[in-house]
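Taking it in order: structure first as structure tokens, then the write-up.
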Amino acid sequence: MGAFTINGRRVTTDAAADTPLLWVIREELGLTGTKYGCGAAQCGACTVHLNGAAVRSCVTPVSAAEGGTVVTIEGLAEGNGNGPHALIRAWTEEQVAQCGYCQPGQIMAAAALLAATPRPTREQIAEHMAGNLCRCGTYPRVVRAIERAAREA
Amino acid sequence: MAPNDMTLSRRGFLAGSGGLVFALTLGVPAEEALAQGASPQAIGAWVRISPDGAIVIRAPAAEMGQGVQTIVPLILAEEMDADWARVQVETAPVAEVFNNPAFRSQFTVASLTVKGYWMPARLAGAQVRRVLVQAAAERWGVAPDAVRTEPSVVIGPSGQRLTYGEIAAFARVPETLPAVQPADLKPVGSFRLLGRDVTRVDMAEKSSGRTQYAADIRLPGMLYATVARSPASGQRVARMNREEVAALPGVTHVLDLGHGVAVVGRSIPQVFAAREALRIEWSGSPPGAAVDSERDKALYLSHLRDPNRRPDVVFSRTGDAPAALQSAARTLTREYVSEYCYHAQMEPMGAVAHVRADGADVWTGTQWQTMAAMKTARITGLPPERVRVHQLMLGGGFGRRAHTEYIDDAVTLSKETGAPVKLLLSRADDLASGRLRPLTAQRVTMGLDSEGRIVALRHVVACEPVTPYMYGAERWRAVEGRDVITMRGSSLPHYTVPNQIAEHIHEMRGARVAAWRGIGCGYTKFALETMVDEIARDLGRDPLAYRIAMAANPRARAVLERVREMSGWPNAREGRHLGAAFAEYGDSLNATVVEISLDRALGRIRVHRLWAAVDVGLPLQPNTIVAQIEGGAIFGVSAALKEEVTIRDGAVVQRNFHDYPILRADVSPEIEVAILRGSDTPTEVGELGLPPVAPAIANAVRGATGKGLYHLPMTPERVRAALAG
């Protein structure tokens with residue numbers, strides 16, 4: 001039995017230690033904002049924060065989260081008492097999403113960037129976000145939304 | 001859980017008596033719709049107005065990021081003069097009354113949603129408004145034409161006011177809705193909603209992880225499944241290690257479906273692990289098993305070069321191209337190749353099905369709801385009214401989700417196991433069973449007169465047609481070999497070229513092929529627009545000026561002139577090179593300029609900036625149009641530089657994004673889009689961004705180096721080879 005904290009809530013799981021964290025989050029805990037895209041850390045759709053760092057939950061065994069703190073898109077959208085993360089509103093303002101499937105992962109990656117680099121340059125943003133694929137081609141708006149969130153935070 | 005919420009909201013809707021429910025039938029006689037078993041109040045209701053003023057408008061088409069969940073209801077709201085702030089959009093169920101009249105089906109393809117629903121949705125909105133106006137006029141005892149409307153309120157001649165909600169509390173929808181003619185519609189100039197951006201109705205949920213896609217549905221007692229499909233269509237299982245896989249943890253069933261093997265179990269990771277352990281030997285030699293992309297392109301080229309191999313069909317013709325080529329002062333012939341491409345939609349294919357003795361429910365995101373419902377009824381043997389397809393958001397479509405085989409499998413597996421089943425393909429299986437943009441070889445000949453004007457064009461495309469694979473043999477016979485999907489874009493309708501012929505060599509290889517973003521234009525425009533550019537530059541003419549001089553249509557001239565202005569043409573920054581191209585898609589136009597850099601040693605092209613001037617008829621939602629053009633352009637850069645599926649012995653070689661790379665954010669261009677209003681009718685948008693991108697890139701390279709690129713994608717190896725040649 002494993003235990004960790006997710007979005008401020010303590011949870012336990014019976015999943016085998018090598019089960020990807022992604023499936024525990026989605027199927028056991030019902031937090032479906034985190035997406036499966038490739039299963040191989042190639043696309044970033046499954047990005048969550050583990051102990052403050054952005055990780056690919058599709059290749060992160062649930063055992064790695066043992067005793068740790070996980071934040072998903074649902075946690076970012078709820079915020080911690082201060083309302084949603086600035087990125088959530090910036091994403092709507094810039095009308096970033098098209099199909100929307102990759103966007104939770106994009107936002108989680110962006111949040112990790114802003115946590116480390118509150119005022120990133122455009123180049124830093126583009127480089128950091130290169131790990132998150134978007135087939136609809138929302139990259140220009142992803143960049144603008146991150147710049148907006150950085151400005152307004 | 002989610003599905004229950006959906007059921008509740010449906011019940012809430014049905015129970016919500018009081019108010020006005022409009023069972024409008026767009027372009028389909030009401031009797032025909034009702035004959036499908038639809039009760040108008042329950043299923044056919046496009047619009048419902050509650051006494052509290054809340055308005056529900058149903059969205060009939062598939063939302064995959066192109067904005068139609070917002071735009072189609074917005075069109076209706078415009079004519080009905082609804083207060084958009086009080087409108088709630090609800091996804092329509094599958095019913096004939098929600099058909100796109102362009103297809104007589106709920107089918108979202110070819111950028112025809114807004115164009116198809118445009119007039120009928122306006123007429124329906126105007127009918128609703130007329131009912132409200134008549135009810136208010138009757139109550140006041142005044143003539144209907146003495147009253148007017150403001151958003152969600154009717155105003156009488158002496159300033160009386162009745163809100164739509166107040167009217168809904170007392171009025172009845174007449175048995176026969178008042179007839180409305182196109183002449184009764186609002187003039188475009190008096191639109192309140194269309195033409196100004198509203199926030200897309202799906203935006204807030206998509207920005208916070210709340211949007212539901214097929215894989216997000218969870219049902220009590222649900223099993224999970226994945227399918228290993230035969231590498232080539234038509235192969236069967238000869239042998240497999242069924243017992244070994246069935247004994248793995250969490251596996252409940254290993255089923256031979258005929259076209260593939262399904263692994264069913266208690267969790268997705270267990271099912272995926274079991275699928276990895278599956279060893280299948282396939283039998284049978286259907287044509288597709290012999291597909292080999294490397295060998296086939298040589299074969300296609302040999303067909304194009306063989307003087308005795310006449311094309312199978314003339315796709316389009318104007319004037320007499322063969323004669324005009326004979327008498328031309330000069331001719332130029334080039335050959336082009338484009339590789340198989342994968343849709344790479346971010347959400348792998350999936351569906352949830354729950355088949356019971358008394359009915360079936362399917363949750364999925366599909367571009368073809370009507371087909372999904374029909375096939376579910378056929379597979380289960382249930383009457384159509386017992387089948388419900390709950391349409392969700394699509395995690396990318398691009399043509400891939402016009403195919404419904406993954407829904408069939410989920411339904412079959414729920415029927416076989418007696419449990420609700422969530423089917424999900426791994427990325428590797430999604431790619432392995434991809435429906436691809438076909439491999440093509442093209443041969444283009446242009447004839448010039450003594451002044452360098454193009455007077456004749458012959459365009460021959462050798463590729464697998466998509467129609468037989470997508471729509472079946474009957475349709476293929478009916479269209480007499482004319483494949484509108486693969487041959488799209490094979491002529492030059494906006495330049496003054498009096499003699500043109502486009503022909504198709506049918507390569508019936510048995511590959512799994514599909515429509516793909518931009519449809520045929522992704523490669524046909526690459527061929528045509530690189531050749532036009534080559535001719536212009538070799539004549540010493542400016543390629544944009546040359547096109548403008550040839551453009552017969554003032555709308556085409558306008559986009560070309562605008563992009564010239566936007567891009568600062570022909571002046572490029574230090575170390576950068578500009579290239580241009582023009583393409584039509586349906587009734588829409590796109591002139592694009594790219595700014596590239598070229599690493600000659602590595603053969604690496606990078607697109608830094610891209611300008612697109614587009615004419616989309618009447619722009620209804622400018623920001624959504626810009627987003628679509630940006631997305632199409634990025635898709636186009638990705639396809640032009642990177643994307644290639646290899647098929648060997650009928651099987652896709654690539655496995656995931658490491659060997660099927662798509663464009664990433666660090667090398668994505670900055671994009672500027674200008675929208676021109678060319679008419680009072682909205683025309684195609686979703687496919688429009690892509691077609692001119694690949695030729696514009698090749699033209700920039702040729703402008704910089706004198707070397708042409710004739711093979712998509714323009715990978716570093718191909719670029720190095722061209723530069724060395």
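These figures come from a predicted structure and were not determined experimentally. Each chain gets a letter, A, B and so on, in the order its sequence line appears, and its residues count up from 1.
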Problem - Stepwise side-chain hydrogen bond (donor to acceptor under 3.5 Å, both in side chains) check, Ser63(A) with Glu66(A) - result: CA-CA 5 Å; Ser63(A) 57; Glu66(A) 180 61 38; over 6 Å; no
Exercise for the section: Evaluate the side-chain contact (heavy atoms from CB on, under 4.5 Å) criterion for residues Ile73(A) and Ile88(A): first the C-alpha distance (whole Å), next the side-chain angles of each, then the deciding distance (0.1 Å), finally the verdict. Expected result: CA-CA 9 Å; Ile73(A) 184 70; Ile88(A) 303 283; 4.0 Å; yes
Using a 4.5 angstrom heavy-atom cutoff, name the option from [options] with the most pairs to chain B.
| options | answer |
| --- | --- |
| Ala77(A), Gly30(A), Cys102(A), Ala16(A) | Gly30(A) |
| Met129(A), Glu28(A), Glu74(A), Lys35(A) | Lys35(A) |
| Arg135(A), Gln98(A), His128(A), Arg141(A) | Arg135(A) |
| Cys38(A), Cys134(A), Pro140(A) | Cys38(A) |

Practice task
Give the intermediate values and the outcome of side-chain hydrogen bond (donor to acceptor under 3.5 Å, both in side chains) for residues Asp197(B) and Gln95(A).
Solution key: CA-CA 11 Å; Asp197(B) 290 311; Gln95(A) 303 260 321; over 6 Å; no
Practice task
Begin from the C-alpha positions of Arg218(B) and Lys422(B) and carry the test side-chain contact (heavy atoms from CB on, under 4.5 Å) through to its verdict.
Solution key: CA-CA 8 Å; Arg218(B) 297 191 305 158; Lys422(B) 179 191 290 191; 4.1 Å; yes
Select, from [options], the one with the greatest count of heavy-atom pairs under 4.5 Å involving chain A.
| options | value |
| --- | --- |
| Arg200(B), Gln66(B), Met64(B), Gln628(B) | Arg200(B) |
| Lys206(B), Met222(B), Arg664(B), Glu205(B) | Arg664(B) |
| Gly67(B), Pro661(B), Gly631(B), Ser638(B) | Gly631(B) |
| Gly395(B), Pro269(B), Ala215(B) | Pro269(B) |
| Ile662(B), Thr211(B), Leu431(B) | Ile662(B) |
| Ala633(B), Pro669(B), Ala627(B) | Ala627(B) |

Looking at [X] and [Y], does any basic side-chain N land under 4.0 Å from a carboxylate oxygen?
| X | Y | value |
| --- | --- | --- |
| Glu147(A) | Arg122(A) | yes |
| Arg148(A) | Glu94(A) | yes |
| Asp659(B) | Arg655(B) | no |

Practice task
Walk me through it: do Leu74(B) and Gln621(B) pass the test side-chain contact (heavy atoms from CB on, under 4.5 Å)?
Solution key: CA-CA 10 Å; Leu74(B) 194 69; Gln621(B) 285 293 282; 3.5 Å; yes
Completion exercise
Filtered by a 4.5 Å non-hydrogen cutoff, the part of residues 104-117 of chain A contacting chain B is Pro104(A), Ile107(A)
Completion exercise
Under a 4.5 Å heavy-atom criterion, the part of residues 39-57 of chain A in contact with chain B comprises Ala40(A), Gln42(A), Cys43(A)
Considering only heavy atoms, which portion of [X] lies under 4.5 Å from any heavy atom of chain A: side chain, backbone, both, or neither?
| X | value |
| --- | --- |
| Glu630(B) | both |
| Asn656(B) | side chain |
| Leu425(B) | backbone |

Practice task
Evaluate side-chain hydrogen bond (donor to acceptor under 3.5 Å, both in side chains) for Thr364(B) paired with Gln391(B), printing each intermediate quantity in order.
Solution key: CA-CA 6 Å; Thr364(B) 194; Gln391(B) 170 78 338; over 6 Å; no
Exercise for the section: Using a cut-off of 6.0 Å, state whether more than 12 heavy atoms not belonging to Arg144(A) lie near its atom CZ. Expected result: yes
Exercise for the section: Any chance you could lay out the side-chain hydrogen bond (donor to acceptor under 3.5 Å, both in side chains) test for Thr138(A) and Gln103(A), step after step, and finish with the verdict? Expected result: CA-CA 9 Å; Thr138(A) 64; Gln103(A) 299 300 344; 3.1 Å; yes
Using non-hydrogen atoms only, which part of [X] is less than 4.5 Å away from chain B: side chain, backbone, both, or neither?
| X | result |
| --- | --- |
| Asp18(A) | neither |
| Arg26(A) | both |
| Glu127(A) | backbone |
| Glu123(A) | neither |

Fill in the blank from the handout: Shortest non-hydrogen pair, Gln367(B) vs Val109(B), comes out as NE2-CG1, 3.8 Å
Practice task
Write down the atom of Pro692(B), the atom of Thr592(B), and the distance for their closest heavy-atom approach.
Solution key: CG-OG1, 3.5 Å
Exercise for the section: Classify the angle between the aromatic ring planes of Tyr101(A) and Tyr213(B) as parallel (below 30°), tilted (30 to 60°) or perpendicular (above 60°). Expected result: perpendicular
Handout entry: Within-4.5 Å side-chain heavy-atom neighbours: Tyr406(B) and Arg401(B)
Key = yes
Problem - Aromatic contact, Tyr224(B) with Trp23(A) (centres under 6.0 Å) - result: no
Practice task
Start with the C-alpha distance between Thr92(A) and Thr199(B), add both sets of side-chain angles, then the distance that settles side-chain contact (heavy atoms from CB on, under 4.5 Å), and finish with yes or no.
Solution key: CA-CA 8 Å; Thr92(A) 305; Thr199(B) 300; 4.3 Å; yes
Exercise for the section: Kindly indicate whether a cation-pi arrangement holds for Arg427(B) with Phe657(B), taking the cut-offs as under 6.0 Å to the six-membered ring centre and within 45° of the axis. Expected result: no
